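Here is the structure we will look at, set down as structure tokens.
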Amino acid sequence: MVHGELWTIKELFVLQNEYVIWAIQIVMYPFMTGLVAGAFVLSSLYHVFGFKKLEGIARFALVFSFALLPGALVPLLLHLQHPLRGINVMMTPHFVSAIAAFGIVFSLYFAIVASEIWFLYRRHFVEHSRLLKEQGRHKPIRYKLLQFVHTVLTLGSFDISEEALQKDKKAIKWLAAVGIPVALFLHGYAGFIFGSVKANALWLTPLMPVIFIMSAIVSGIALCLLSYIVVMEIRKRRARRLRFKTYPATNRRGVSAREFERYDTQSGEIQSVEISVVKMTSRFLLIFLVFAISLELLDLVFRGYTAVNSWDILKSALYERDFLNIFILQYGLGNFVPLILLLTPRLTLKRTVLATALILLGVFMMRYNVVIGGQSFSLTFAGYMKYVLPIIPHDIETLKEGLVGALLVFIFPFVLFYIYSKIFPVFGGRESYSAE
Amino acid sequence: MSSEMPEPLSKEHPDSISRRDFLKKTALIAAGILAPAAALELTMMLEGASPASAHPGNLCNPEPGHGTPGCHVEITTSTTVISGNAAGPGGTTATQTQPHWQFLVDTNKCVGCGFCVKACKLENEVPYDANASRTWVERYVITKDGAFHADSPLGARDGFITPEIDLGEGETLEIPPEDISRAFFVPKLCNQCNKPPCVQVCPVGATYKSPDGVVLVDRTWCIGCGYCVNACPYGARFFHPVYDTAEKCTFCEHRISKGLLPACVQACPFGVRQIGNQNDPNDAVAQVIATQHLQVLKGAYGTDPQCFYIGLDWEVR
């Protein structure tokens, strides 16, 4: 069977070799890359531009961005017909190709985020390494392992004098500043990959990279905000639950009296910090959302107005065949409803959760409509191709390029974030030993 | 020590030959082989033709089993053209310059028999039943009300066996003959563009334009990203069902570089398909391409296609 044949239904005049060959993983690729870039931009708003109110979410966003990074790489590898040859891109990069620089840009971005996180948590690593060394003598192996990890993460730099920490802070600012263009490039570049395919009537537009960047920032901020609220709610609930427990009960759970007191006061702290952060972040989200919607509508209006020879087929694909995906799910539920939800005064947490979840749906649908929509009509402009997402996997191809593969790609960063959060304290307050 | 040394063979075995004898006999055999070949070469040089053109029959049917019926006048013409450019030994002046292959399709002559598609699949080991092909034929039917209908069932591997238009998903459309204003067939293949978008987008350089103008794919290096498949405005590329790498028409590079005709050209009973060398001033096909009013497919994409069409209808997509 030819690659793509499994999930493509052809209608009317479609060439024999035409199939939807860029399937769900190529939808996931820009979606995940967008989340990475957006999360980084959000953290940079604090680190570079000094929006102090974003402090609570900035560190969270940076670590989240780092956890999301594999989400940008894995879908590409899963989509390749020869994933083991993926390294060829680094070995013989063909630089006139838009994808050739992916390895380089990705590595550069990875290095920037990793370095920034290292500078941000260096003090924490040093202090923890020392603390665990003192405590860990008669403790179980877990402590020794943690101590080892923290010592390795210091990279041998144990100087945490005020002078050294100032240098760290400066480095963070620089890395965050350099990281913004690289993060935007990483994603704008994904847009360029599509926008430069002259054979594809839907993709071909110089607006594509800009549209991608705007929606990337929107989706990244939305995901960070959503995850932030969810995590904060969990922490709040945990703190509340602990307050109502008796001392012996908490002790049985292995929680010390000191920690109990901390949770007691934390519940109230979380509440106030959370609302202020959410309000500030949602304002940024709104600004970028308006930009993203305007650009997408501009593209649509421009196509209709110029009406070049591909417009007839595009029109029928956009307004008839993909109407539900484009106008209901993407523009309606994914853009306009959250816009109204966020614009309405007296923003509540529940409303923000709903709005951000809808925005994520909208951005995902935008990626879907670009990637799959671009392949939904024939090069002949006289036929259609329908994509049927493989839901139940029955071989390796339907596993990696089906619903299961896409979900794995989406869930993986959250697992990774959980592991990271065990090493890097991602929330403010007493848990953090960062340079801030 | 010396008693253990073996004696020279010639003394020990009267049947064995000496070194001098061996060399003598070898030289004689070599001369025996080379002399007729040299004579043949000389004769042909005097006639001003290459060895290949001296045996057009070989070109029409180079390998028993691969030949197709109908190696007639049109093909013989092509044969003469291609043989003059053969990069093999004994070629004429054309062999000294690098060929640049071009393709000529005369749509007026095509009847949609699909022999070309069949021959291509067999020659290039594209699985016969796979729904993809390096070359294919399209059928266009324009009705009197100006409506456009087209199809290419199985890429026309089995020809167009029914007058009904294939609409996909098992549906067909029957057009009454009296409603038809014009109908025709258009064979298609890779255009071996001079500015190939597929080559441009390959991130690892696994696909490249060879010096003779043909775009090739290195199956051992292709990562299977599909960027080239999506970048081709002609739908000429697909994933090989067995190798899972990008696959495309190569003008049968393995054949033309030996002075043979591409499988589709050889298989076409009507001389619809012809191949020529732009760099050969004596090439009949190249002369037609250089001097006649021809069309290319999707010229607006700026790909500089090297596949030229005679009588291409404006409705062709």
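Heavy-atom basis, side chains included; hydrogens, waters and symmetry copies ignored. Chain naming here is simple, since letters A, B, ... match the order of the sequence lines and numbering starts at 1 in each. As the structure is a computational prediction, the values presented were derived from the model and not from experiment.
Using non-hydrogen atoms only and a strict 4.5 Å limit, the part of residues 14-25 of chain A facing chain B consists of L15(A), Q16(A), N17(A), Y19(A), I21(A), W22(A). Residues from residues 135-142 of chain B that place a non-hydrogen atom less than 4.5 Å from a non-hydrogen atom of chain A comprise W136(B), E138(B), Y140(B), given in numerical order.
Using a 4.5 Å cut-off between heavy atoms, M91(A) touches chain B through its side chain atoms alone. Heavy-atom distances place the side chain of S196(A), and not its backbone, under 4.5 Å from chain B. The parts of V89(A) that come within reach of chain B are both its backbone and its side chain, each placing non-hydrogen atoms under 4.5 angstrom from that chain. The contact between E5(A) and chain B is made entirely by side chain atoms (from C-beta outward), counting heavy-atom distances below 4.5 Å. For L12(A), the parts sitting under 4.5 Å from any heavy atom of chain B are the backbone and the side chain alike. With a 4.5 angstrom heavy-atom cutoff, I193(A) touches chain B via backbone and side-chain atoms both.
Taking the six-membered ring for Trp and thresholds of 30 and 60 degrees, H3(A) and F239(B) have ring planes more than 60 degrees apart, a perpendicular arrangement.
Taking the six-membered ring for Trp and the full ring otherwise, the centers of Y319(A) and F323(A) sit at least 6.0 Å from each other. Between F185(B) and F160(B), a ring centre-to-centre spacing shorter than 6.0 Å is recorded.
For the pair R321(A) and Y384(A), the cation-pi criterion (under 6.0 Å, within 45° of the ring axis) is fulfilled.
Q330(A) and E296(A) form a side-chain donor-acceptor contact under 3.5 Å, judged by distance and modelled atom types alone.
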